[in-house]
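Working notes, beginning with the structure itself.
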Amino acid sequence: MELNKDPNAWAHLGRALREARERRGRSQEELAADAGVSKGAVQAAEAGRVPKTRMPQTLAPIARALHWPAGSIERVLGGGEPPGGWQDIRVEIADEEVASILTNAMVRATDHATASEIRHAAELAVADLRRRGFLTEANRSHLNESNENA
């Protein structure tokens, strides 16, 4: 199998490894000890450095220490989701971006808005936030319960 040299793919893998480690509450030192590799190997993997000639031998033990199944590294390098997906990753969003999304939705949906139109605008905003990965499907049932109680 030819080595993937795409820097974006390696950055994607590095982010997935770092997020998996952080979700488990492990430091780089602890993960390195669990994997039997150096802290530098963990740092290089999380930095998403593109290897020069071959797949780093330290990646497999790091993935095993994170409880990733076989083939996960290749799947993530190919653009796939890491084991467990991205849904557990906390995504920060600036207040200005939320305001911009909501404002754009309101402008698209309203002109002398009624309550029904405002609700429609809010639904557009929530859908946009979900598409951008800021909300998960778990938020949907909570939103529906809130609307039913309103």
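Residues: numbered from 1 along the sequence shown.
Within a 6.0 Å sphere centred on NZ of Lys52, other residues, nucleotides and ligands contribute 12 heavy atoms or fewer.
Atom CZ of Arg75 is separated from atom CG of Leu77 by 11.0 Å, given to the nearest 0.5 angstrom. Put simply, CD on Gln43 and CZ on Arg49 are 7.5 Å apart, with the number rounded to the nearest 0.5 Å. With rounding to the nearest 0.5 angstrom, the CG atom of Leu17 is 10.0 Å from the NE2 atom of His12.
Arg21 meets the side-chain hydrogen bond (donor to acceptor under 3.5 Å, both in side chains) test with Glu46; sequence neighbours excluded.
Evaluation of the side-chain hydrogen bond (donor to acceptor under 3.5 Å, both in side chains) test over residues 29-41, restricted to residues two or more places apart or in two chains, returns Arg26-Asp34, Ser27-Glu29, Ser27-Glu30, Glu29-Lys39.
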Report all side-chain donor-acceptor pairs from residues 61-70 shorter than 3.5 Å, counting only partners two or more places apart or in another chain.
none

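By the 4.5 Å heavy-atom criterion applied to side chains, Leu31 and Val37 are not counted as neighbours.
Nearest heavy atom pair, residue Ala20 against residue Arg24, reads O-NH1, 3.0 Å. When all heavy atoms of Ala16 and Val76 are compared, the pair lying nearest together is CB-CG1, 4.2 Å.
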